[in-house]
Amino acid sequence: MGGKSEPAKSESMATTTTSPDLINSSFFSFKSLKLKTKQQELLLRIAILGLVYILAFIARLFSVLRYESMIHEFDPYFNYRTTLFLTEKGFYEFWNWFDSESWYPLGRIIGGTLYPGLMVTAALIYWALRFLRFFVHIREVCVLTAPFFASNTTLVAYFFGKEIWDTGAGLVAAVLIAICPGYISRSVAGSYDNEAVAIFALLLTFYLFVKAVNTGSLAWALGSAFGYFYMVSAWGGYVFIINLVPLYVLVLLITGRYSMRLYIAYNCMYILGMLLAMQIRFVGFQHVQSGEHMGAMGVFLLMQVFYFLDWVKYQLNDTKLFQTFLRITVTSAILVGGIALGVGTASGYISPWTGRFYSLLDPTYAKDHIPIIASVSEHQPTAWSSFMFDYHILLFLFPAGLYFCFKRLSDATIFIVMYGLTSLYFAGVMVRLILVATPAVCLISAIAVSATVKNLTSLLRTKQKVSQTGSTKGAGSSKASSKVTLDQSQPFQKNGAIALLVGVFYLLSRYAIHCTWVTSEAYSSPSIVLAARGAHGNRILFDDYREAYYWLRQNTPTDAKIMSWWDYGYQITAMGNRTVIVDNNTWNNTHIATVGRAMSSNEDEAYEIMRSLDVNYVLVVFGGVTGYSSDDINKFLWMVRIGGGVFPVIKEPDYLVNGEFRVDKGASPKMLNCLMYKLCYYRFGELTTEYGKPPGYDRARGGEIGNKDIKLEHLEEAYTTSNWIVRIYRVKPPTNRL
Amino acid sequence: MAARIGIFAVVVAVFLSIPAFSSAQDLQIVNAERRIDLSSHIVKDFLTLKVENIGISPAAEMLLAFSPTQIKNLAMVQALAITGKKKKKTYLPLDVKPAEQPDAPNDTGYYRVTFVSPLGPGETVSLEVLYILTNSLEPFPVEITQSESQLVYYHDSAVILSPYHVKQQTTFVKTPSTRVESFTSIEPANRAGKEIKYGPYENRASYSYAPVIIHFENNSPFAVVEELVREIEISHWGSLQITEHYRLTHGGARHKGVFSRVDYQSKRSVSGASSFNALLAVLPPRVNSVYYRDDIGNISTSHLRTGFRKSELEFEPRYPLFGGWRATFIIGYRVPLEDYLFEASDGRRYLNFTFGCPLVETIVNKLTIKVVLPEGSKDPYAILPFTVNQDLQVKYSYLDIVGRTVVVLQKDNVVPTHNVPFQVYYTFKPIYMLAEPFMLVSAFFFVFVASLAYVHIDLNIARK
């Protein structure tokens, strides 16, 4: 419950900064130790920041306490595996790694198809610790990387808040972001994913850029370029930076806020950042070749035009002549830019926008054209409830913060407003992008909280002083304004302010409670181990995934090829140490469609496909016994859709009955005889899952299955885990031809 | 000095020459009874011998002979001398050492038993010998399905292989169940219930051999630890940390074909009879911080019962083990230091810990025990009641600079009877204990000094 006290503390700080008298009276007995007001303020600020830093770290350790120190979910297993490889084999081996254990028989060039920032970061931490004689396991480093960077993010948030508003807002922002569920969801201990370091890098880049714009200093711009480089090395979300920053610059240009500071900041950041980003193999020359990055280049050229015009204006000293010149230059610049873009696109030098980018701009695009993107749950449009779940009171504070920002418009506040609005739009398009919006929402909300509380407390204090001394000393701008209202002497003003303050504290404490609850209940599950409550309230763990993966690792030939739906690919290679056909790096749609086709064909056809892919084992996830709903039967329609997208022989309506997906007696015959159905329900008809229900009662879908007499011809059951969640089948060798 | 070495050499020469004048033919075995216990996968042979010296000179020792396959799988040989009659029997442990005989027929292996006192001419002595064989049950059929039970072959001789003349002998073989498919009959031999009796046979010459094969059902868990590495880390701050890396396998008939969860769940008695899914480890009392995990994380199926005399850890591998299936896992725990570390009278410290494998009824094919001594320890040596390979290594752990000395003890073919105490002696100065805290304190001190310096030194180039 450390979180509850934090906002309160930051408020007390806000009080002390402007009223030394109160503090002096409370420190009366320590007169000999008395610090200067400035020192007191510094001490409090550092203490609060230190506490927030620790809080951000420990709030993310719920998953370790509830479960264990383990890597979570899907992608983190790939990251863990590559980090392990990096620490064992060194950087050059890692850079040149051709992985033959995935995407059989194609393989994957790991070094050229990943963002190495996360792995290199973890490896550096690991090597540093080893150098300092702390012999930790690389797994512990990986598990704690995300909380560590979340802590660092709070520091950046503080400085960012300080830059755009004041130190009070910075402190509140640090507290808010430390426990905001939108961020915690991706940075709990064990969530070893790119986003873990990327949000830190994102916020750092933005902060340094805003700082550079505010100061016009080359050093900050350089820092921002390096921040951008780190971001590019860590996450594909860097595209957001390379589009938001030019957009921001464009807005400043349009609103007539062009300045030399902006020119220096943007040019340095863009050119250096671009050159640095090209060092990442996965990104390569995209900065000059891909449509998504062209905006930044356009704005860069526009800046030069602006500079040039400024210079011409200075030289000409004639408004009319300059107007003409301006018209000609701007028109020709746009024309040249348009032609260059057109030629580049037409000749194929500049690649068009990718599907993912399109799906961000048009939320319905993926659903219609790219089922593989639409099938991922984190790519779904966000529901209102998840906004509420992830932001809680920030959702209401955000508009208030925007109001304050608009009231005190500056280069910095324009940036945060733009960041907030654009990222919030993207958060609405895709669930996972709530994460990107979180820092902005926290910062803007912090401005609202800080500004409100400051106004209210100064109101209270001024009145006190009036009653005590009858004079005001050291009046700040906010104080002066509140004094004006005081002079009008509204009735119950002091009480009203107290009530409002109490209300703010109540809201903030609700926020802290909500965050703690969400973190412990919703976001700390590793999703490898499933937990449930037993009939007597005891905790039951379903550890079937690891049971199956470890079985594969120990009891199958080392060169065995496992076919499963792509969701489990990373986990099988990392935990099972076996070759997979497809995995979560969905780079080859045809290959995935082939697997989808095998799963949705009948056994004979599927056997031909599996033979052609050298498959030895087939792994399916089945929740019918435990009532685990995200299993392969529920994902089956996506397999059909993705398979059908490439192979038109697979048609979605064949598996539906009147547009309805069923597994019981009323299911379509194609459904009842497809490989996935057979493998999931093989011998399930003999099992009684629930008292009072017929045998073969599927608890995940709540119905008796339609095909209880399943015979397998080309496959045999190799292993089924204790709760039936994972079922593994062995593909039999072909029978001898006579 | 030279004279002393001379005397020593003479003594050694005298000792070495003893076997020369008590040749094999001077002893004979009057009566021998052998009981072979085949109820688990560890074969235990109890041999009761009555040995008589029929030569003219006193005999100080005798030889036990084993066939080449047995000598390969022999985990342990123990011998006791029985003195006194009936109720007042006392047992004296005898010294047993592997022996080499140059003229051994058919690669026979030997163990030499030294009597308490040399056996005079005409005297007799009663001995009890226990020897344990591992990996001696050969599954046949080699592969079985889930519903079949496991049948094994046991190869041995109906008569005792011995370099001495045996006047009278009987062998009893105990099988785990009444299901015996077949056994080689060498008259007189008969079977009753779970017992097969060979003999009595009279007057068998030395090196007599009558091979027999017994084919019977054995569904006991064939838990074989292929490799076990136990690391015992001594911290003078108050605890011993023990980490055990297991590579376990089911050493019985290989599983073939389908594994059906339905059958395994519902017809437990007939399905997978030879498989096992629970193991028991006996850990020291006052054990704490016990964990059970493997390469991919914690395994949640374990129970710990602590007691005054011992603690028991009941655990299940992630999946049931069928024939040929493997599981690797790690068990770690901590015990208080004062129970195991003592100071010898000469100021040395010694660790007194149990050798062997904590798992009940398992064979360890290769056991490595690593005793990690604290940093700064010197002159380590280990004392064990049997021979093991010893080695020294260096390990780096938290905050180590010169590394810790590791005493590595390595032994093959380890059975539960090897769970006996062993000692590791070393010298250690307590001042070394303070090295690591001092390092941490000085690191903090340095940080504060650095920040102090940073605050007070003006690094600005430009004048303010």
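Chain naming here is simple, since letters A, B, ... match the order of the sequence lines and numbering starts at 1 in each.
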Asker: With a 4.5 angstrom heavy-atom cut-off, is it the side chain or the backbone of A/Arg139 that approaches chain B, or both, or neither?
Answerer: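 Contact with chain B involves the side chain of A/Arg139 alone.
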Asker: At a heavy-atom separation under 4.5 Å, does B/Thr328 approach chain A through its side chain, its backbone, both, or neither?
Answerer: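 Both parts, backbone and side chain.
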Asker: For atom CD1 of B/Ile431, decide whether the heavy atoms of other residues, nucleotides or ligands shown that lie under 6.0 angstrom number more than 12.
Answerer: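 For B/Ile431, atom CD1 is not crowded (no more than 12 foreign heavy atoms under 6.0 Å).
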Asker: Do B/Tyr396 and A/Arg133 come within less than 4.5 Å of each other through their side chains, counting heavy atoms only?
Answerer: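 Sidechains of A/Arg133 and B/Tyr396: in contact.
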Asker: Is the shortest heavy-atom distance from the side chain of B/Ile299 to the side chain of A/Tyr550 under 4.5 Å?
Answerer: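 Side chain of B/Ile299 against side chain of A/Tyr550, heavy atoms only: no contact under 4.5 Å found.
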Asker: Count the heavy-atom pairs under 4.5 Å between each of B/Ser300, B/Ser397, B/Ser266 and chain A, then report the option with the highest count.
Answerer: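 Most pairs with chain A among the choices: B/Ser397.
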Asker: So do the side chains of A/Gln554 and B/Tyr319 get within less than 4.5 Å of each other, counting heavy atoms only?
Answerer: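 Sidechains of B/Tyr319 and A/Gln554: in contact.
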Asker: Please rank A/Leu687, A/Leu541, A/Ile728, A/Thr721 by heavy-atom pairs under 4.5 Å with chain B and give me the top one.
Answerer: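 Counting heavy-atom pairs under 4.5 Å, the top option is A/Thr721.
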Asker: Checking heavy atoms, do the side chain of A/Glu68, its backbone, both or neither come under 4.5 Å from chain B?
Answerer: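 It is the side chain, since no backbone atom gets that close.
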Asker: Please tell me if the side chains of A/Trp551 and B/Pro320 come closer than 4.5 Å, counting only heavy atoms from C-beta onward.
Answerer: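 No, side chains not in contact.
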Asker: I want to check something: taking the side chain as every heavy atom from C-beta on, are B/Asn298 and A/Met70 in contact at a cut-off of under 4.5 Å?
Answerer: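 Result no, sub-4.5 Å side-chain heavy-atom pair not found.
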Asker: Measure distances from A/Met575 to the heavy atoms of chain B and classify the residue's part below 4.5 Å as side chain, backbone, both or neither.
Answerer: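 When you check distances to chain B, atoms from both the backbone and side chain of A/Met575 fall under 4.5 Å.
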Asker: Working to the nearest 0.5 angstrom, can you tell me the gap between B/Glu316 CD and A/Ser722 OG?
Answerer: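 Going from CD on B/Glu316 over to OG on A/Ser722, the span is 9.0 Å.
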Asker: Count the heavy-atom pairs under 4.5 Å between each of B/Asp295, B/Ile401, B/Thr301 and chain A, then report the option with the highest count.
Answerer: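 Most pairs with chain A among the choices: B/Asp295.
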Asker: Work out which heavy atom in B/Arg318 is nearest to a heavy atom in A/Tyr719; give both atom names and the distance.
Answerer: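 In this case the closest contact between B/Arg318 and A/Tyr719 is O-OH, 4.4 Å.
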Asker: After noting the C-alpha distance and the side-chain angles of A/Trp724 and B/Gln265, does the key distance pass the side chain to side chain contact (heavy atoms under 4.5 Å, CB included) rule?
Answerer: CA-CA 11 Å; A/Trp724 291 60; B/Gln265 228 164 269; 3.0 Å; yes
Asker: Taking only Lys NZ, Arg NE, NH1 and NH2, and the carboxylate oxygens of Asp or Glu, determine whether A/Glu547 and B/Arg261 approach each other closer than 4.0 Å.
Answerer: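 Counted as a salt bridge, because a side-chain N and a carboxylate O are separated by less than 4.0 Å.
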Asker: Please tell me if the side chains of B/Ile296 and A/Arg553 come closer than 4.5 Å, counting only heavy atoms from C-beta onward.
Answerer: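 In short, these two side chains touch, coming nearer than 4.5 Å.
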Asker: Check whether A/Arg727 gets within reach of chain B through its side chain, its backbone, both or neither, counting any heavy atom under 4.5 Å.
Answerer: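 A/Arg727 has no heavy atom closer than 4.5 Å to chain B.
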Asker: Between A/Leu132 and chain B, with a heavy-atom cut-off of 4.5 Å, which part of the residue counts as in contact: side chain, backbone, both or neither?
Answerer: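 Backbone only.
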Asker: Taking the side chain as every heavy atom from C-beta outward, state whether A/Val136 and B/Tyr398 have any atom pair closer than 4.5 Å.
Answerer: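 A/Val136 vs B/Tyr398: side chains touch.
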Asker: Using only atom types and a distance under 3.5 Å, with no angle test, would you say the side chain of A/Arg683 pairs donor to acceptor with the backbone of B/Val262?
Answerer: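 The answer is no, because no donor-acceptor pair under 3.5 Å joins these two groups.
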